[in-house]
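Naming: A, B, ... by sequence-line order, numbering from 1 per chain. Quick caveat, the model's predicted, so the values are computed rather than measured.
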2 protein chains.
Amino acid sequence: MKLSTKGRYAVMAMVDLASTSHGNPVALADIAERQEISLSYLEQLFAKLRRGGLVRSVRGPGGGYLLAHASDQTRISDIILAVDEPIRATRCAPGSPVGCRANKARCLTHDLWEELGNQIHLYLSSVTLANVVSRRVLGTSGVLEGAEAPLAEPMVAAQ
Amino acid sequence: MKLSTKGRYAVMAMVDLASTSHGNPVALADIAERQEISLSYLEQLFAKLRRGGLVRSVRGPGGGYLLAHASDQTRISDIILAVDEPIRATRCAPGSPVGCRANKARCLTHDLWEELGNQIHLYLSSVTLANVVSRRVLGTSGVLEGAEAPLAEPMVAAQ
DNA sequence: TAAATTCCGACTGCTTTTCTCGGGTATGGC
DNA sequence: GCCATACCCGAGAAAAGCAGTCGGAATTTA
């Protein structure tokens with residue numbers, strides 16, 4: 001899980017789309033103006049979002065983009081995963097963590113980064129576009145509802 | 001809270017220091033060799049760690065670096081904050097979030113990033129150097145032992 | 001004094017990120 | 001059929017940050 005401005009731009013744009021499209025396509029130019037992001041850059045982001053199945057496009061005049069799913073079905077983590085290339089969190093041998101054992105001193109931190117990635121993914125998976133639009137990102141207690149449930153299924157390596 | 005390889009190097013080096021120093025100074029050259037990090041680069045990182053009060057230095061032959069505090073008193077979050085410049089998670093007006101209200105459409109995501117930063121900081125604050133050295137980063141359940149105790153002091157905004 | 005070690009600042013090459021440009025292609029309205 | 005609108009695409013420029021280098025200075029031990 002990578003955190004860069006690219007992912008943030010994508011989320012900002014998706015929030016804009018979710019809050020302005022009431023079933024109608026929204027042109028990228030409008031989003032670009034409201035969010036102050038260059039149109040060409042947005043096009044690149046939305047190309048990835050489309051390939052990731054998060055938005056649908058309508059070409060021609062009156063066209064634009066639509067959410068592929070309802071805003072409460074679109075998780076923030078999906079958006080970030082769609083636009084950001086996965087990165088290698090450790091400098092271990094590519095592929096399996098076999099190379100780690102060769103130099104165990106270096107990879108004591110391996111589990112730490114992996115678990116941190118899990119934590120980030122867990123949080124961003126618990127927030128939907130609808131949550132952000134309605135400004136319900138977190139409860140007042142600082143604890144996210146529904147986030148306490150321990151992971152049942154093995155979490156995908158966050159990378 | 002920024003997450004880059006610089007912070008990871010710093011944590012790797014601090015883990016190395018914590019696990020090899022038994023009260024004696026450890027020379028950076030030794031850490032550099034074990035962790036395969038260039039000496040000069042390590043020097044830059046440790047300069048920041050020293051300014052951050054995380055390590056003490058001993059000059060001259062037989063010198064090196066010592067943890068300023070016990071390894072179970074040194075939190076991973078402190079290390080990363082010491083070496084990584086804070087980044088602005090949002091492109092709002094610097095300082096207060098006043099500028100946000102001018103263009104509220106752009107800053108719907110403000111709370112989201114802030115809370116994400118809190119989540120990351122919360123996790124990294126719950127892990128100490130001692131945890132990593134003893135490979136107890138997380139339990140098999142995915143829940144960290146000893147991490148349940150909520151921080152008493154107010155959490156710094158992660159930025 | 002000589003050697004080991006931290007300390008310091010500037011600079012460089014490299015990679016990644018961010019952004020721009022110049023075109024294409026589909027589509028609806030006249 | 002034209003044309004404006006809007007998505008689509010790839011190449012590359014500009015900027016930023018990372019990782020490393022270099023040369024030296026200060027401090028301490030032996």
A/L28 versus A/E43: any side-chain heavy-atom pair under 4.5 Å?
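Yes; the side chains approach each other to less than 4.5 Å.
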Within a strict 4.5 Å, meaning less than it, do heavy atoms of the B/S21 and B/L67 side chains meet?
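B/S21 vs B/L67: side chains apart.
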Which whole-number value in Å describes the distance from [X] [atom1] to [N] [atom2]?
X     : N      : atom1 : atom2 : result
B/I31 : C/dT5  : CD1   : C1'   : 13 Å
A/E33 : D/dA6  : CD    : C1'   : 16 Å
B/L49 : C/dT6  : CG    : C1'   : 14 Å
B/R56 : C/dT5  : CZ    : P     : 18 Å
B/L45 : D/dC18 : CG    : P     : 11 Å
B/K48 : C/dT6  : NZ    : P     : 18 Å
B/N24 : C/dT5  : CG    : P     : 13 Å
B/I37 : D/dC18 : CD1   : P     : 15 Å

Considering heavy-atom distances to DNA chain C, does A/L39 or B/L28 have its closest nucleotide positioned more toward the 5' end?
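That would be B/L28.
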[Y] backbone acceptor or donor facing [X] side chain under 3.5 Å:
X      : Y      : answer
B/T74  : B/S71  : no
A/S38  : A/Y41  : yes
B/T128 : B/N131 : yes

Does A/Y9 make a side-chain N or O approach to OP1 or OP2 of C/dC19 shorter than 4.0 Å?
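True: A/Y9 side-chain N/O within range (under 4.0 Å) of C/dC19 OP1/OP2.
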What is the distance from atom CD1 of B/I80 to atom NZ of B/K6, rounded to the nearest 0.5 Å?
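Those atoms lie 12.5 Å apart.
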Residue A/T5, side-chain atoms from C-beta onward, closest of C/dT20, C/dA3, C/dT18:
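Nucleotide nearest to A/T5's side chain: C/dT18.
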Tell me what A/V26 touches on the nucleic acid: a base, only sugar-phosphate, or nothing, going by heavy atoms under 4.0 Å.
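Contact class for A/V26: sugar-phosphate only.
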Strictly under 4.0 angstrom, non-hydrogen atoms only: write out the protein contact profile of nucleotides 8-16 of chain D, one letter per nucleotide from the 5' end, B, S or -.
BB-B-----
Are B/L39 and B/V58 linked, directly or through other ILVMFWY residues, by side chains that come within less than 4.5 angstrom of each other?
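No, B/L39 does not connect to B/V58 through the hydrophobic network.
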